[in-house]
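Before any comments, here is the structure.
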Amino acid sequence: DAKTTQPNSMESNEEEPVHLPCNHSTISGTDYIHWYRQLPSQGPEYVIHGLTSNVNNRMASLAIAEDRKSSTLILHRATLRDAAVYYCILGNSGGSNYKLTFGKGTLLTVNP
Amino acid sequence: EAQVTQNPRYLITVTGKKLTVTCSQNMNHEYMSWYRQDPGLGLRQIYYSMNVEVTDKGDVPEGYKVSRKEKRNFPLILESPSPNQTSLYFCASSLAGGIPRSIFGPGTRLTVL
């Protein structure tokens, strides 16, 4: 599985934007970039995914570098409820096992 | 509400006493899987199932069994639990095909004494 690298932790203030980086220099042409998050005492939760173009949804935006070797998850206005571990995961739609290979993720702390 | 449910949520048991953790989804998803989460090791896949009667091993299947007799249910069976199976377990489901968005259950915290 292609590997991703994320900072161990980041800190933000409430109401401010947060940019969570992810490096994936060995990404293949068919790999999608997925982001999940895990709130305290809960199961992981899907956030967003993309292939080449930037993506927006109600939760966040995903900015993908032109060479696809890195991406950034953007939370436009962090709230206390966004405090979680954020995982950047590579995967593709082929094959029979939609396994998500979780790394250590980034622990996001949001200060009031 | 679309969801994955797991039972029990918490379980303390003793070595060798067979147990089953149930997982059920109400979204008609074909794909289901089990993960365990341990400090420092992250989430690792135990078993997965592409559809009814189709199951396969993930990364850490030793000591576990699964079955998929119905589309909605995917129980995890520990025939003879050992202390190294003390962990937080998550069940997940998604549609097959396309780009699956996995829906995870709330987790089952298992302690084997």
Side-chain angles (χ1 to χ4, degrees), chain A residues 1-9 22 27-53 55 57-60 62 64 71 73 84-107, chain B residues 2-7 9-10 21 23-25 27 29-51 54-61 66 68 74 87-109:
Chain A
D1 294 325
K3 189 179 162 127
T4 63
T5 304
Q6 300 176 253
N8 290 333
S9 62
C22 180
I27 190 170
S28 75
T30 56
D31 281 335
Y32 281 77
I33 302 156
H34 304 259
W35 283 82
Y36 281 73
R37 71 179 185 181
Q38 188 172 18
L39 279 66
S41 302
Q42 294 189 29
E45 170 186 40
Y46 168 86
V47 177
I48 200 167
H49 76 270
L51 183 62
T52 57
S53 304
V55 185
N57 66 21
R58 65 174 180 80
M59 289 180 72
L62 177 59
I64 301 172
S71 60
L73 180 70
V85 178
Y86 286 79
Y87 298 98
C88 170
I89 300 165
L90 301 183
N92 61 61
S93 60
S96 62
N97 183 9
Y98 302 120
K99 178 177 67 175
L100 296 171
T101 301
F102 288 82
K104 295 187 176 167
T106 297
L107 175 63
Chain B
Q3 60 183 348
V4 175
T5 56
Q6 295 179 225
N7 282 293
R9 295 289 314 279
Y10 303 90
V21 183
C23 172
S24 183
Q25 50 93 5
M27 298 163 282
H29 285 168
E30 294 88 3
Y31 179 81
M32 298 184 74
S33 62
W34 277 101
Y35 293 82
R36 61 178 288 175
Q37 185 171 31
D38 303 289
L41 296 176
L43 284 106
R44 295 174 292 168
Q45 190 187 58
I46 303 171
Y47 266 96
Y48 68 96
S49 169
M50 287 300 296
N51 215 323
V54 181
T55 64
D56 208 345
K57 297 177 181 177
D59 295 323
V60 288
V66 293
R68 189 87 182 275
F74 190 45
S87 187
L88 180 58
Y89 292 86
F90 290 102
C91 180
S93 75
S94 66
L95 288 169
I99 305 301
R101 300 181 188 183
S102 288
I103 309 297
F104 282 79
T108 295
R109 185 165 292 282

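Note that this is a predicted model, so its numbers are computed, not measured.
For the atom pair B:R9 CZ and A:S41 OG, the distance stands at 8.5 Å (nearest 0.5 Å). Atom CG of B:L41 sits about 8.0 Å away from atom NZ of A:K104, to the nearest 0.5 Å.
At a 4.5 Å heavy-atom cutoff, the contact between B:Q37 and chain A is made by side-chain atoms alone.
For the pair A:Y36 and B:S102, the minimum side-chain heavy-atom distance is below 4.5 Å.
Other residues, nucleotides and ligands contribute over 12 non-hydrogen atoms within 6.0 Å of the CZ atom of B:R44.
Summarising the geometry of A:Q42 relative to B:F90, their closest heavy-atom pair is O-CZ, 3.7 Å, with the distance given to 0.1 Å.
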